[in-house]
Each structure stands twice: as C-alpha cells, then as structure tokens.
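Just below is one structure, and these are the notes that go with it.
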Amino acid sequence: MRQGRSKTCPAARKRYRAGTHRLISPEETLQRVRPLMGVMGITRIANITGLDRLGIPVVTVCRPNSRSLAVSQGKGLDLASARVSGLMEAVETYHAEHITLPLTLATYNELRFSHPLVDVARLPRLSVGSFHANLRLLWIEGRDLLGDRPVWLPFELVHTDYTVPLPSGSGSFFMSSNGLASGNHLLEAISHGICEVVERDATTLWHLRSAEERQRTRLALDTVDDLACREVLEKYERAGVDVAVWETTSEVGLPAFFCMSAERSPEPFRPLYPTTGAGCHPTRQVALLRALTEAAQVRATLISGSRDDLGVDRYYKALQDPGLWSRVHALMQSHGSMRCFDEVPSFEADSFDEDVAWVLARLAAAEFEQVAVVDLSKRAFGISVARVVIPGMEAIHDAPGYVPGTRARRLLKERLP
C-alpha cells in the first residue's frame, strides 16, 4: 500500500476546498457513485433538512438490508455535500460488511513468531472482553504506515457485519466503525480515517479531564474568521439555538473540536434535544466546520427518529429531560478563559499525500508506533475504502463496555488528590 508520489508530483491532489477537502467536487462524486447504489442495497437519499429550522443541510441514506445500521447520515454546507457525506458513509459501511480478503484463524501465540502483528496490548478493549493469547480468532492483513510493512490485526476491528452468530473469537476488542472511511482515492480515505480515530481519541481524553481543565479549552466564537464556519454559526443564531465549542486537540497536534448546541428558550410542548458534534482535520477551519455541522446532523436525525437502534427510553426520552437542558445550558453559559481561533494549530496542503505524511509525522512524534490500514476497496466499484486502526488511541468514552487505555488511565490518575 503505497502512500503516494513525491510532493512535487502528488498522487492525490485536492481539487475541491469548499468547507472540506476532496479530490473532486461533491457533484462529480455523486455522478460516480449513484449508479452503484442498487448493488449496495441503498434505496433512498432522504433530505431531512426541513424537519429542523436550522437550515443546515442534513440527509438520511437508507440501506434496509444492512448488516449493521440501516441508515446513514450526512451533512454539509450545501445539499450536494450532505448527500455525498451520507452516501459515502453508507458505501464504506457496505464495504466493511462484505469483506472478501483472506483471513487467518489462529491464536496470538500461534502467529506472533511468524507474522508481524499489531500491538494487541494497546488496542481498545471491552470490559467483558474475552481475549487471551491462546484464544483462536480471525486475523486480517493490513499495512503499518509508520513501519512501512505488513501487519496482521484482529478481524473484529475491521469488519462491520454485526449479524449473529459473530465470527470465531469475537467479543475481545471494541467493535465499531471508528476509522472506517471512503474517498475518491485511497490517500483521501486514509486521511479521513486517521482524522476520525484521532478525533474520537481527543474527545475521550477531553471528557476525562477535570471541569476546570475543560473550561480552559473553550473557544471564543467571535474570533472565528472562516466564512463557512461563520455562515453555520449565523444559522444557529437566527434559529435561536445556542452553540458552544471547545478545542480538544491532543498531544498529536491534529486540530480537533467538540461542539454543543441547545435551544436558547425551549418550548415545553415541543422539547428539542441538546446535541453534540466533533470534528478533526489538519486544517482548523475544516475541523471546526465538521463539529458544527455534526451537531446539526445529530439534531435533525433525532427529530426524524431514524436511529431506532438508540432506544426510545435510553436515548430519545432521556435527551428531552428538562433537567438535562438546564445542565447543558448552564455549562454553555459559563465562559471562563477563552481561546482564540487563530491560536489553534493548522496545516494547509495541496494534496492528500502531504496531509497523510504530516499526520503520520505528528503521530510518530507523539510516540505512536503503528498506524494499521486495511484497504477494503473493491475493484469493481472503483471507490477507495480504508479501515484505520491506531494502537494506543482511545475508544469512544461513553460507549457501553469502554475500558480506559494507558493514556486515559494516566489522565485519571493525575486527577486523583
């Protein structure tokens, strides 16, 4: 798996930069991918923007015979971008559900002397995880981008086929779609996948910090000078929805943000949900825009009720609790010290070759030793799909079964009196 050509002749030059960085425009991507919707079981791209009053484009993409989620969501500055966002999410999940690459059924002890393996001790575990060195489980081959060599990793960290019975050895590690990404070039997919893994890790570490430490990361929104971000912030303002943002950038130095949104004056007979969003990207304005639009996407998705996997009592009703709004509103109104937007680190590049090289250098400097990538692309479709796994990165902090990793445990220990 080659990362690309030299900087003077990049393999994946960016040709679209309106709110996000892409190889080609959303319209071109739609034209390429739409003909493949039928074979992947995608039946509809539904525009649900009008269910909310924000006016930030959000879509739901339906795939009824999915082996994981039957709906995917997408968001963007315009409807075409939102459609591509949701469609590509459905496409990448389909690819991860239908993996035809060779697999090996073996124990860790059987492979460790003959195969280069991912550092299993640093992988995200489950509180009820059953892994041990003599457990037989499925392994799949990827490539370590930092070591530039093949690497084998547990299959359950790569696939999204959650139909039962699960494959042999499942239940050892944290199964999710974290690090799964698609694009018009493999480097584009890898870049997005790395950003997602770093974003989830940064968000988890931020939540584990003390309230005082988190408060010091609050972003002064009046210092945001990016036109696309300002446009989205103004839509929230016109709709009477408050927004607060915190910078969550970790020691990796990849810009990351966490966003909260809540009704300024909730209607008692039509309570709407406080929502959150997160974003990460080498370029700070893209990272911030992702966090802002994701909060809007979550809001529209909850209004539509399309994510029935979340559970009515556990999620929908809990989010409509007036007490929750009061707590969120109090947090959003407490300012403290504020960070200026131009103080957030940022990296601008003309190609995904440069983005991936820069991010890998940042990860290496932060003492991450492996960045494993499995190429899930199918030649017949011509869409690049990659799954990224970075040992040592934290899983999603509020997911069932989450177990803090080494860095999270160190952070929690520092908070002890």
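Here the structure is a predicted model, which is why all the values come from computation and not from measurement.
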Problem set entry | Pairs touching residues 110-137 that satisfy salt bridge (Lys or Arg N to Asp or Glu O under 4.0 Å), sequence neighbours left out |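 Salt bridge (Lys or Arg N to Asp or Glu O under 4.0 Å) check on residues 110-137 returns no pairs.
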Separation between [atom1] of [X] and [atom2] of [Y], rounded to the nearest 0.5 Å:
{"X": "Ser384", "Y": "Glu92", "atom1": "OG", "atom2": "CD", "answer": "12.0 Å"}
{"X": "Glu343", "Y": "Leu219", "atom1": "CD", "atom2": "CG", "answer": "9.5 Å"}
{"X": "Arg15", "Y": "Ile24", "atom1": "CZ", "atom2": "CD1", "answer": "6.5 Å"}
{"X": "Leu145", "Y": "Ile194", "atom1": "CG", "atom2": "CD1", "answer": "6.0 Å"}
{"X": "Thr100", "Y": "Leu376", "atom1": "OG1", "atom2": "CG", "answer": "9.5 Å"}
{"X": "Ile383", "Y": "Leu87", "atom1": "CD1", "atom2": "CG", "answer": "7.5 Å"}

May I ask you to check whether [X] and [Y] show a side-chain donor-acceptor distance below 3.5 Å?
{"X": "Ser66", "Y": "Glu97", "answer": "yes"}
{"X": "Thr203", "Y": "Thr248", "answer": "no"}
{"X": "Ser377", "Y": "Asp375", "answer": "yes"}
{"X": "Asp78", "Y": "Ser81", "answer": "yes"}

Exercise. After noting the C-alpha distance and the side-chain angles of Met37 and Ile45, does the key distance pass the side-chain contact (heavy atoms from CB on, under 4.5 Å) rule?
Worked result: CA-CA 10 Å; Met37 288 172 55; Ile45 304 176; 4.1 Å; yes
Which ring-ring contact (aromatic ring centres under 6.0 Å, His included) pairs, counting each pair once, include a residue from [range], with sequence neighbours left out?
{"range": "residues 49-70", "answer": "none"}
{"range": "residues 54-80", "answer": "none"}
{"range": "residues 383-403", "answer": "His207-His397"}
{"range": "residues 104-123", "answer": "His115-Trp152"}

Charged N to carboxylate O below 4.0 Å: is that the case for [X] and [Y]?
{"X": "Glu89", "Y": "Arg63", "answer": "no"}
{"X": "Asp148", "Y": "Arg143", "answer": "yes"}
{"X": "Glu367", "Y": "Arg407", "answer": "no"}

Problem set entry | By side chain to side chain donor-acceptor pair (under 3.5 Å) - contacts of His21 (at least two apart) |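 By the side chain to side chain donor-acceptor pair (under 3.5 Å) rule, His21 matches Lys14.
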Within a reach of under 6.0 Å around [atom1] of [X], are more than 12 heavy atoms found that belong to other residues, nucleotides or ligands?
{"X": "Gln31", "atom1": "CD", "value": "no"}
{"X": "Asn109", "atom1": "CG", "value": "yes"}
{"X": "Arg44", "atom1": "CZ", "value": "no"}

For this session: Measure from the side-chain N and O atoms of Glu156 to the backbone N and O of Gly171, and report whether any donor-acceptor pair falls under 3.5 Å.
Result: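 Yes, Glu156 side chain to Gly171 backbone: donor-acceptor pair under 3.5 Å.
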Exercise. Would you find a donor on one side and an acceptor on the other, under 3.5 Å apart, between the side chain of Arg83 and the backbone of Val59?
Worked result: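 No; judged by distance alone, with no hydrogens or angles, the pair does not exist.
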Check [X] against [Y] and note the closest heavy-atom contact, atom names and distance.
{"X": "Gln297", "Y": "Val58", "value": "CA-CG2, 3.7 Å"}
{"X": "Phe174", "Y": "Ala399", "value": "CZ-CB, 3.3 Å"}
{"X": "Cys259", "Y": "Ala295", "value": "SG-CB, 3.9 Å"}
{"X": "Val71", "Y": "Ser306", "value": "CG2-O, 3.7 Å"}
{"X": "Ser334", "Y": "Gln215", "value": "O-NE2, 2.8 Å"}
{"X": "Glu247", "Y": "Phe257", "value": "CA-CD2, 3.9 Å"}

Exercise. Going by heavy atoms in the side chains, are Val245 and Leu288 under 4.5 Å from each other?
Worked result: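 They are in contact (side-chain heavy atoms under 4.5 Å apart), so the answer is yes.
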For this session: State, with a plain yes or no, whether a side-chain heavy atom of Cys195 is found less than 4.5 Å away from one of Pro282.
Result: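 Heavy-atom side-chain distance check passes, below 4.5 Å.
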Exercise. Hey, mind stepping through Tyr236 and Asp242 against side-chain contact (heavy atoms from CB on, under 4.5 Å) and telling me if it holds?
Worked result: CA-CA 7 Å; Tyr236 275 108; Asp242 285 331; over 6 Å; no
For this session: Show your reasoning for whether side-chain contact (heavy atoms from CB on, under 4.5 Å) applies to Arg13 and His185.
Result: CA-CA 10 Å; Arg13 184 176 293 279; His185 189 283; over 6 Å; no
For this session: Report the C-alpha separation of Arg387 and Thr160 in whole Å, then their side-chain angles, then the decisive distance to 0.1 Å, and conclude whether the side-chain contact (heavy atoms from CB on, under 4.5 Å) test is met.
Result: CA-CA 11 Å; Arg387 167 71 90 157; Thr160 58; 3.6 Å; yes
For this session: Could I get the full list of ring pair (Phe, Tyr, Trp, His ring centres under 6.0 Å) partners for Phe131, not counting sequence neighbours?
Result: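 Ring pair (Phe, Tyr, Trp, His ring centres under 6.0 Å) check on Phe131 returns Phe173.
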Exercise. Got a sec, which residues hit ring pair (Phe, Tyr, Trp, His ring centres under 6.0 Å) with Tyr162, two or more places apart in sequence or on another chain?
Worked result: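 Counting only residues at least two positions away or on another chain, Tyr162 forms no ring pair (Phe, Tyr, Trp, His ring centres under 6.0 Å).
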Non-neighbouring partners of [X] that pass salt bridge (Lys or Arg N to Asp or Glu O under 4.0 Å), sequence neighbours left out:
{"X": "Asp144", "value": "none"}
{"X": "Arg218", "value": "none"}
{"X": "Arg200", "value": "Glu196"}
{"X": "Arg362", "value": "none"}

Exercise. Using the ring of each side chain (for Trp, its six-membered ring), is Phe381 parallel, tilted or perpendicular to His95, with breaks at 30° and 60°?
Worked result: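 Perpendicular, since the angle between the ring planes exceeds 60°.
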For this session: Identify which one of Thr20, Ile56, Val232 satisfies the side chain to side chain contact (heavy atoms under 4.5 Å, CB included) criterion when paired with Leu77.
Result: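 Result: among Thr20, Ile56, Val232, Val232 is the only option passing the side chain to side chain contact (heavy atoms under 4.5 Å, CB included) with Leu77.
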